[in-house]
Amino acid sequence: MAITAQMVKELREKTGAGMLDCKKALTETDGDMDKAIDFLREKGIASAAKKGDRIAAEGLTYVVSEGNDAVILEVNSETDFVAKNEAFQALVKDLAAHLLNNKPATVEEASAQTMENGATVADHINASIAKIGEKLTLRRFAVLSKTDNDAFGAYIHMGGRISVLSVLEGTTEADAAKDVSMHIAALKPKYVSRDQVSQEEVEHERQVLTQQALNEGKPAKIVEKMVEGRLGKYFEDVCVLDQTFVKNPDQKVRQFVESKGATIREFVRYEVGEGIEKREDNFAEEVMNQIKK
């Protein structure tokens, strides 16, 4: 398979490795991006890459709660300029209120529902598209519920670039739950605890770390112990309870939550555009196309 400059550029962005190393990794793995990331990690050239997390699309995330229900959502636009537009912000709040009151299961189901103004959600979005002049989409949402004995942690960062909604059971301290959500916004954990990490993911990480240690020339008899130690570091990266609390480096998030007599039931973290590849315009080509018209 031919290795293109764009492929090398993408691998560099995902791993931080040098251009030649990226080209070699892609050549060795026949252009398979995921395998190339593992190849670089095994050689100790790249740190663990979170695949597919390039930030590309624009828009806003938002969180709102009412009583024992809360919703977190992401609405995308084509440019970040629109995210500051009052009409767009009003659309996001309208959609949030509808989702919270009607609790659809999917975006498709939500799109077909009728809003208070009599229009379907899809038509309401289309009316905003006509007004604002950009393609707008309701990308995703999650509606969470709690009991009177629990707390929602609602946190919106950078005006909506990142939003987090968490549920703490066993406490009604909303400030404590918000602190947990603030931590999640900063450190991007994927799971609450280790038991949520699939055996397949753990085994894959173990294989990568084993090969990494062997490539470092470590004796086989101590590799296993090294790998288990490094696995512990991996869990710290992906599990919120294992992470050092951002507001108090002397304690883990687990200790902070336990000090409140609580447990983290679940959380949802949205970052605008994560996982969406952005169309890359060739400016020179665009100018030439305009000249030819």
Side-chain angles (χ1 to χ4, degrees), residues 52-146 151-167 174 177-178 180-182 184-186 188 190 266-281 286:
D53 63 354
R54 291 176 60 197
I55 307 303
E58 303 301 336
L60 284 177
T61 62
Y62 186 63
V63 184
V64 64
S65 64
E66 186 176 307
N68 284 335
D69 296 313
V71 65
I72 179 170
L73 70 158
E74 177 184 357
V75 182
N76 292 132
S77 60
E78 292 181 68
T79 65
D80 59 354
F81 180 76
V82 160
K84 303 178 181 70
N85 181 300
E86 287 185 9
F88 179 73
Q89 293 174 355
L91 169 66
V92 173
K93 290 178 181 178
D94 286 346
L95 293 173
H98 174 84
L99 295 170
L100 192 58
N101 290 331
N102 293 272
K103 301 178 179 60
T106 63
V107 170
E108 290 73 24
E109 183 182 332
S111 298
Q113 289 180 336
T114 301
M115 300 183 68
E116 286 186 358
N117 62 7
T120 64
V121 169
D123 287 342
H124 188 65
I125 293 173
N126 286 336
S128 294
I129 291 172
K131 181 178 181 181
I132 294 171
E134 279 196 15
K135 178 182 177 182
L136 311 173
T137 56
L138 169 61
R139 183 188 179 198
R140 53 184 174 168
F141 67 89
V143 179
L144 304 186
S145 299
K146 68 174 185 66
F152 282 131
Y155 179 67
I156 299 174
H157 185 65
M158 291 176 63
R161 290 298 297 179
I162 300 169
S163 288
V164 179
L165 175 60
S166 64
V167 180
K178 185 176 181 179
V180 169
S181 289
M182 192 184 302
I184 291 167
K188 298 178 69 171
K190 294 166 63 179
E266 61 184 316
F267 69 83
V268 180
R269 181 190 187 277
Y270 286 166
E271 185 165 344
V272 171
E274 60 191 343
I276 299 176
E277 293 291 341
K278 190 174 184 180
R279 180 171 65 91
E280 294 192 14
D281 294 323
E286 186 179 319

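Source: prediction; values computed, not measured.
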Ignoring hydrogens and geometry, is there a side-chain-to-backbone donor-acceptor pair from [X] to [Y] under 3.5 Å?
X	Y	answer
Glu266	Val167	no
Glu134	Glu78	yes
Ser77	Thr79	yes
Arg269	Ala185	yes
Asn85	Ala87	yes

Distance check, rounded to the nearest 0.5 Å: [X] atom [atom1] versus [Y] atom [atom2]?
X	Y	atom1	atom2	answer
Ile156	Lys178	CD1	NZ	8.5 Å
Gln89	Lys84	CD	NZ	9.5 Å
Met115	Ile125	CE	CD1	8.0 Å
Tyr270	Tyr62	OH	OH	15.5 Å
Ser166	Ile72	OG	CD1	9.5 Å
Thr61	Leu73	OG1	CG	8.0 Å

| field | By ring-ring contact (aromatic ring centres under 6.0 Å, His included) - contacts of Phe88 (at least two apart) | value | none
Between [X] and [Y], what is the shortest heavy-atom contact and its length?
X	Y	answer
Val64	Ala96	CG1-CB, 3.9 Å
Phe141	Ala110	CE2-CB, 4.2 Å
Thr120	Ser111	CB-O, 3.7 Å
Ser163	Val63	CB-CG2, 3.5 Å
Val268	Ala142	CG2-CB, 4.1 Å

| said: His98 and side chain to side chain donor-acceptor pair (under 3.5 Å): which single residue from Gln113, Glu116, His124, Lys93 fits? | reply: Gln113
| message | If you count every heavy atom of other residues, nucleotides or ligands that lies below 6.0 Å from Glu66 atom CD, does the total exceed 12? | response | no
| query | Between Glu274 and Arg140, does at least one N-O distance fall below 4.0 Å, as a salt bridge requires? | reply | yes
| task | Any chance you could lay out the side chain to side chain contact (heavy atoms under 4.5 Å, CB included) test for Leu136 and Val82, step after step, and finish with the verdict? | result | CA-CA 10 Å; Leu136 311 173; Val82 160; 4.3 Å; yes
| query | Heavy atoms, side chains only, cut-off 4.5 Å: are Leu165 and Phe152 in contact? | reply | yes
| said: Would Val121 and Leu95 count as a side chain to side chain contact (heavy atoms under 4.5 Å, CB included) here? Give the steps. | reply: CA-CA 8 Å; Val121 169; Leu95 293 173; 3.7 Å; yes
| task | Identify, with sequence neighbours excluded, every residue that meets salt bridge (charged side-chain N to carboxylate O under 4.0 Å, His left out) alongside Asp69. | result | Lys103
